*Asks:* 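Sharing a structure below in structure tokens format, with a few things to ask.
Quantities reported herein were computed from a predicted structural model and do not represent experimental measurements. Lettering of chains follows the sequences in order, A, B, ..., and the numbering in each one begins at 1. Below, each value reflects all heavy atoms present in this structure, side chains not excepted, and no hydrogens, waters or symmetry copies.
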Number of protein chains: 2
Amino acid sequence: MTDTLQRKPVSQVANSDCFTEESLTKLKEIMYEMRAEAGNHLFWEGDAADKLYFLKRGQVKITKASDEGKSFILYVYNTGDLFGQVDPFQNSVHSFNAEVTENSIIGVIQQKDLEVLLWQHGDLAVEFMKWMGLMHRMTQTKFRDLMMFGKPGALCSTLIRLCNTYGKNHGSEIVITKKLTNSELADMIGATRESVNRMLGDLKRANIIAMENNYIVVKDLPYLRDICQCENCPVDMCRI
Amino acid sequence: MTDTLQRKPVSQVANSDCFTEESLTKLKEIMYEMRAEAGNHLFWEGDAADKLYFLKRGQVKITKASDEGKSFILYVYNTGDLFGQVDPFQNSVHSFNAEVTENSIIGVIQQKDLEVLLWQHGDLAVEFMKWMGLMHRMTQTKFRDLMMFGKPGALCSTLIRLCNTYGKNHGSEIVITKKLTNSELADMIGATRESVNRMLGDLKRANIIAMENNYIVVKDLPYLRDICQCENCPVDMCRI
DNA sequence: TTTGTGATGTGATTTACATCACACTTCCTT
DNA sequence: AAGGAAGTGTGATGTAAATCACATCACAAA
């Protein structure tokens, strides 16, 4: 049982899977590698937004802090994910913070280098455009899920996205192979820790989810889908 | 006074302004023109997402309806705006509805034609990528504003975006040269008509806004900025 | 082994916002 | 000019979720 949990989850898919092998190689050729320790920041809001980041290994969260000290987690990126901004303005700055939450190895792409590459390789440009479209749609659907179905809907949507990102099938159950605190979940849906705790309690009591070695196990995915009116969108889009 | 209101607002900027004249011409060459009457739909959720739309004249709203009959307005596009999906999946479908809200003339671009064009023209590909980045950032910042600062914050953010989209300076005041009902505003921020009515009443009483010929006039923009912790981002990004 | 620290679980209370209900205004139409 | 439809304004009430305030638990460090 425990050893099953340690294995790489079958469904773990990186957003860079949009790219063909060749395109990803081209991108890798213009990266320079850096290492970042957990707790550091890749960028802060207000910093110039002129780089893309390829997470070779590790984890980075994109967050926003409010004046009252609350934190909102917009995205969680993992090994193999590509992220960052490519904006039309010279003086463009980030609106969010990028917090390194696990020791990471990161490939950095300068906007100028990327532009040259896209200019030269039409096929890469087309793939890149599709990757951007996918990322945008992920934001839009998350936006919808978090705005339209109350806090329980937001939580259920987030649990589904966690299944799509970290889920490992285990019979009819799905183990979310990623430890998450109630506070983390709360920051992902803009709720309080207490609310998340109560909602998770409700779901456990209704036998929708369970805990196994502190991992969340989803036992009734259709129930979660029903709460947030999930339309069963592609796994690659419906992620954290 | 009335005639001032009729003139095209100075700050009305279309999102296609990201493109150079030449690039926009290239895009226009692969469009086919269609007309759509107010009340019709350009696409419904579930329809194939394989086209871009250029609004030559008119207005289109991107909306999402919930099971309980509530409607959420994600975007409002106007003359000169480009919108649509370019997704990596063959079987990709829309998650939202596109409702034509004014009689419109629309240029339609097929995804395949766009791909060929981007392949051939590196400069257009780079501009297109920047346009996509800008649209994504607009979604992200709206997401943040609507999630983090309560309904009053969401309303203030929306009023600021309306100023950036339809605003006409009039001394130190900004006239939003677009008639909006309380219900429309409510659907833009995921609130009820009654809540919007009360919040607008509060703002009027505090002399932050006023009504002139049924147009909203913003008298104290800094106050609105303060409520939603607006960081004065570029006007091109902070739009409806 | 105790002490500290971060996380969970839960009750009581408050707050923000939705819902319901209805009066009033505007303006469109035939 | 009358009637109706769409929009506005506002009280009363209900409810979801935040806030506050602790108790408990797990586990690492001194």
Side-chain angles (χ1 to χ4, degrees), chain A residues 2 38-39 65-73 101 145-159 176 178-206 208-217 227-228, chain B residues 2 38-39 65-73 101-102 145-159 176 178-206 209-217 227-228:
Chain A
T2 311
S66 79
D67 283 357
E68 307 91 56
K70 278 194 237 170
S71 171
F72 180 65
I73 300 174
T101 45
D145 293 347
L146 267 53
M147 286 291 298
M148 294 190 73
F149 312 119
K151 296 306 172 188
L155 180 61
C156 292
S157 159
T158 300
L159 289 172
I176 297 174
K178 176 90 193 165
K179 292 213 166 133
L180 294 150
T181 65
N182 291 350
S183 303
E184 267 184 302
L185 283 170
D187 288 346
M188 287 177 187
I189 66 175
T192 59
R193 177 194 69 78
E194 294 94 324
S195 294
V196 168
N197 187 280
R198 281 181 245 262
M199 288 188 287
L200 287 177
D202 291 344
L203 292 174
K204 282 174 208 162
R205 251 165 272 127
I208 312 299
I209 63 168
M211 299 302 295
E212 276 177 25
N213 322 335
N214 291 317
Y215 290 96
I216 297 172
V217 181
I227 295 295
C228 61
Chain B
T2 310
S66 79
D67 282 359
E68 306 91 56
K70 278 193 240 170
S71 172
F72 179 66
I73 300 174
T101 44
E102 287 175 9
D145 292 347
L146 267 54
M147 287 292 297
M148 294 188 74
F149 312 118
K151 295 305 172 191
L155 179 61
C156 291
S157 159
T158 301
L159 288 173
I176 297 174
K178 177 90 192 165
K179 291 213 168 132
L180 294 150
T181 66
N182 291 350
S183 303
E184 268 184 301
L185 283 170
D187 288 346
M188 286 178 188
I189 66 174
T192 59
R193 177 194 69 78
E194 294 93 324
S195 293
V196 167
N197 187 281
R198 283 182 244 262
M199 289 189 287
L200 287 177
D202 291 343
L203 291 173
K204 282 175 208 160
R205 252 164 271 127
I209 62 168
M211 299 302 294
E212 275 177 27
N213 320 336
N214 291 317
Y215 290 97
I216 297 173
V217 180
I227 295 295
C228 61

*Asks:* Expressed as a whole number of angstroms, how long is the span from B:Met211:CE to D:dG9:C1'?
*Replies:*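 That distance rounds to 13 Å.
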*Asks:* Would you indicate which nucleotide in C:dC27, C:dT10, D:dT10 comes nearest to any side-chain atom of B:Arg205?
*Replies:* D:dT10
*Asks:* Between the axis at one end of the helix from C:dT1-D:dA30 to C:dT30-D:dA1 and the axis at the other (five pairs apiece), what's the angle to 10 degrees?
*Replies:*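 Inter-axis angle at the ends, rounded: 30°.
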*Asks:* Quick one: B:Glu184 CD to D:dG7 P, roughly how many Å, whole number?
*Replies:* 8 Å
*Asks:* For nucleotides 11-24 of chain C, give me one character per nucleotide, 5' to 3': B if any protein heavy atom sits under 4.0 Å from the base, S if the only such contacts are to the sugar-phosphate, - if neither.
*Replies:* BB----SSBB----
*Asks:* Round to a whole Å and report the spacing from CG of A:Asn213 to P of D:dC27.
*Replies:*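 The answer, rounded to whole Å, is 11 Å.
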*Asks:* Report the C-alpha distance between B:Leu146 and A:Leu146 in whole Å, list the side-chain angles of each, state the deciding distance to 0.1 Å, and finish with yes or no for side chain to side chain contact (heavy atoms under 4.5 Å, CB included).
*Replies:* CA-CA 10 Å; B:Leu146 267 54; A:Leu146 267 53; over 6 Å; no
*Asks:* Name the nucleic acid region contacted by A:Lys179, choosing base, sugar-phosphate or nothing; use a 4.0 angstrom heavy-atom cut-off, strictly under.
*Replies:* nothing
*Asks:* Side-chain contact test, heavy atoms from C-beta onward, threshold under 4.5 Å: evaluate it for B:Leu203 versus B:Leu159 and give yes or no.
*Replies:*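 A side-chain contact exists here, since the closest heavy-atom pair is under 4.5 Å.
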*Asks:* Contact between B:Ile73 and B:Thr101 at the side-chain level, heavy atoms closer than 4.5 Å - yes or no?
*Replies:*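 They are not in side-chain contact.
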*Asks:* Please list, chain by chain and in numerical order, all residues satisfying side-chain contact (heavy atoms from CB on, under 4.5 Å) with B:Lys179, sequence neighbours excluded.
*Replies:* B:Asn214, B:Tyr215
*Asks:* Provide, to the nearest angstrom, the distance between the OH atom belonging to A:Tyr215 and the C1' atom belonging to C:dT8.
*Replies:* 18 Å
*Asks:* Quick test of your reading: applying salt bridge (charged side-chain N to carboxylate O under 4.0 Å, His left out), list the pairs with at least one residue in residues 195-206 of chain B, sequence neighbours left out, ordered by first then second residue.
*Replies:*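 Counting only pairs at least two positions apart or across chains, the salt bridge (charged side-chain N to carboxylate O under 4.0 Å, His left out) contacts touching residues 195-206 of chain B are B:Asp202-B:Arg205.
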*Asks:* Rounded to whole angstrom units, what separation is found between the CD atom of A:Glu68 and the P atom of D:dC20?
*Replies:*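 Nearest whole value for this atom pair: 12 Å.
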*Asks:* How far does CZ of A:Arg193 sit from CG of A:Asn182, to the nearest 0.5 angstrom?
*Replies:* 7.0 Å
*Asks:* Restricting to salt bridge (charged side-chain N to carboxylate O under 4.0 Å, His left out), what partner residues turn up for A:Lys151, sequence neighbours left out?
*Replies:*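 For A:Lys151 there are no salt bridge (charged side-chain N to carboxylate O under 4.0 Å, His left out) partners, ignoring immediate neighbours.
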*Asks:* Mind checking ring-ring contact (aromatic ring centres under 6.0 Å, His included) for A:Phe149 and listing every partner two or more places apart, or none if nothing turns up?
*Replies:*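 Once residues adjacent in sequence are excluded, A:Phe149 has no partner under the ring-ring contact (aromatic ring centres under 6.0 Å, His included) criterion.
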*Asks:* Got B:Val217 and B:Met211 here, is their nearest side-chain heavy-atom distance under 4.5 Å?
*Replies:* no
*Asks:* From CD1 of A:Ile227 over to P of D:dA16, roughly how many Å is that when rounded to an integer?
*Replies:*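 To the nearest whole Å, that distance equals 13 Å.
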*Asks:* Nearest-Å distance, CG (B:Leu180) to P (D:dG7)?
*Replies:*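 Between P of D:dG7 and CG of B:Leu180: 12 Å.
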*Asks:* With sugar-phosphate meaning primed atoms plus P, OP1 and OP2, does A:Asn197 contact a base, only sugar-phosphate, or nothing at under 4.0 Å between heavy atoms?
*Replies:*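 Here A:Asn197 touches the bases of the nucleic acid.
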*Asks:* Can you measure A:Asp187 atom CG to C:dA7 atom C1' for me and round it to whole angstrom units?
*Replies:* 14 Å
